[in-house]
Amino acid sequence: MNKSPIIALDFHSAEEAFRFLKPFDQSVNVKVGMQLYYKEGPEIVARLKEKGYGIFLDLKLHDIPNTVKSAMEVLAGFGVDLVNVHAAGGIRMMEAALEGLDKGTKAGLQRPSLIGVTQLTSTDERQVREEQLIGASLDQSVLHYAKLTQQAGLDGVVCSVLEASAISQTCGPDFFKVTPGIRLSDGAKNDQIRIARPEEARLSGSTHIVVGRAITAAQNPYAAYELITSQWEGLK
Ligand code: C5P
């Protein structure tokens with residue numbers, strides 16, 4: 001998967017997603033999340049793959065190790081580039097996910113990269129303390145999950161831009177820091193809490209950015225994509 005922004009295809013149907021993608025060429029990366037996948041099934045992935053897009057299949061698996069392993073074996077067979085699990089599932093579950101991916105990857109092909117979700121970018125300090133009953137700060141929890149993820153052999157994490165530089169220092173610059181919650185300066189926060197601009201993502205050590213509504217809900221999505229790409233690449 002190249003380093004261009006990953007567009008979150010959070011649409012109701014394949015038809016809507018493909019209509020949205022019309023102005024974009026095949027070099028873009030797309031993210032298929034639960035909404036589109038549960039509606040359209042593996043066929044949406046096969047159709048996107050046929051067109052040549054880089055694909056992040058964002059299904060955030062979190063179950064017992066054996067179930068995650070079997071599920072990952074299936075996902076590897078789709079030939080996607082990037083998949084993920086919740087790091088909260090534990091080291092054994094993450095190792096099992098890798099085993100499943102290795103098993104399901106067709107001969108001669110590269111296994112999909114695997115990243116762990118640390119804390120969702122919609123999570124705040126209060127939730128960590130009062131709902132998850134974690135006796136550590138949000139930052140400490142994210143860093144802890146990042147270390148476990150690396151220990152389990154994963155390629156990186158999903159995290160907020162605000163945590164990317166601390167994770168870089170601990171886990172190294174090449175460890176994937178895939179960061180959602182990206183907004184242009186005048187953009188709405190929506191339900192995200194830990195948000196940042198594309199250039200902040202670059203300067204903080206993000207390796208990939210995931211952008212949904214800042215592109216999909218823009219008046220001119222292609223222009224928004226170009227602007228975000230140039231800010232991400234440091235050209236503007
Ligand atoms: O529209 P927006 O840019 O906020 O979309 C962000 C996308 O990234 C959504 O598809 C969301 O599910 C996903 N995501 C996230 N936070 C994570 C992992 C994935 O926002 N920690």
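A quick note: this is a predicted structure, and the numbers were derived from the prediction, not measured. We count ligands from 1, going down the list as the structure has it; atoms in each ligand are counted the same way. Positions are given from 1 along the sequence.
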Result of checking Q127, Q132, R126 against E130 for side-chain hydrogen bond (donor to acceptor under 3.5 Å, both in side chains): R126
Any idea which residues sit under 4.0 Å from ligand 1, heavy-atom distances?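 Residues near ligand 1: A8, D10, K31, D58, K60, L120, T121, V158, P180, R183, Q192, V210, V211, G212, R213.
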Donor-acceptor pairs are to be reported for all side-chain atoms of residues 148-173 against protein atoms at under 3.5 Å, with residues two or more places apart or in another chain.
unit_1 : atom_1 : unit_2 : atom_2 : d
T149   : OG1    : Y145   : O      : 2.6
Q150   : NE2    : C171   : O      : 2.9
D155   : OD2    : R111   : NH1    : 3.0
D155   : OD2    : L114   : N      : 2.8
S160   : OG     : L162   : N      : 2.9
E163   : OE1    : S160   : N      : 2.9
E163   : OE1    : R194   : NH2    : 3.3
E163   : OE2    : R194   : NE     : 2.7
E163   : OE2    : R194   : NH2    : 2.7
S168   : OG     : K177   : NZ     : 3.0
T170   : OG1    : A166   : O      : 3.0

Check whether V30 and V80 end up in the same hydrophobic cluster, where Ile, Leu, Val, Met, Phe, Trp and Tyr are linked by side-chain heavy atoms less than 4.5 Å apart. yes
Return a table of donor-acceptor pairs under 3.5 angstrom between the side chains of residues 35-56 and protein atoms on other chains or two or more places apart.
unit_1 : atom_1 : unit_2 : atom_2 : d
Q35    : NE2    : H12    : ND1    : 3.0
E40    : OE2    : A14    : N      : 2.8
K49    : NZ     : G79    : O      : 3.0

S206 side chain to I209 backbone, donor-acceptor under 3.5 Å: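 Checked: no pair found.
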For residues 210-221, tabulate all N or O donor-acceptor pairs below 3.5 Å that involve a side-chain atom, not counting sequence neighbours.
unit_1 : atom_1 : unit_2 : atom_2 : d
R213   : NH1    : D191   : OD1    : 3.2
R213   : NH2    : D191   : OD1    : 2.6
T216   : OG1    : G212   : O      : 3.2
N220   : OD1    : Y222   : N      : 3.2
N220   : OD1    : A223   : N      : 3.1

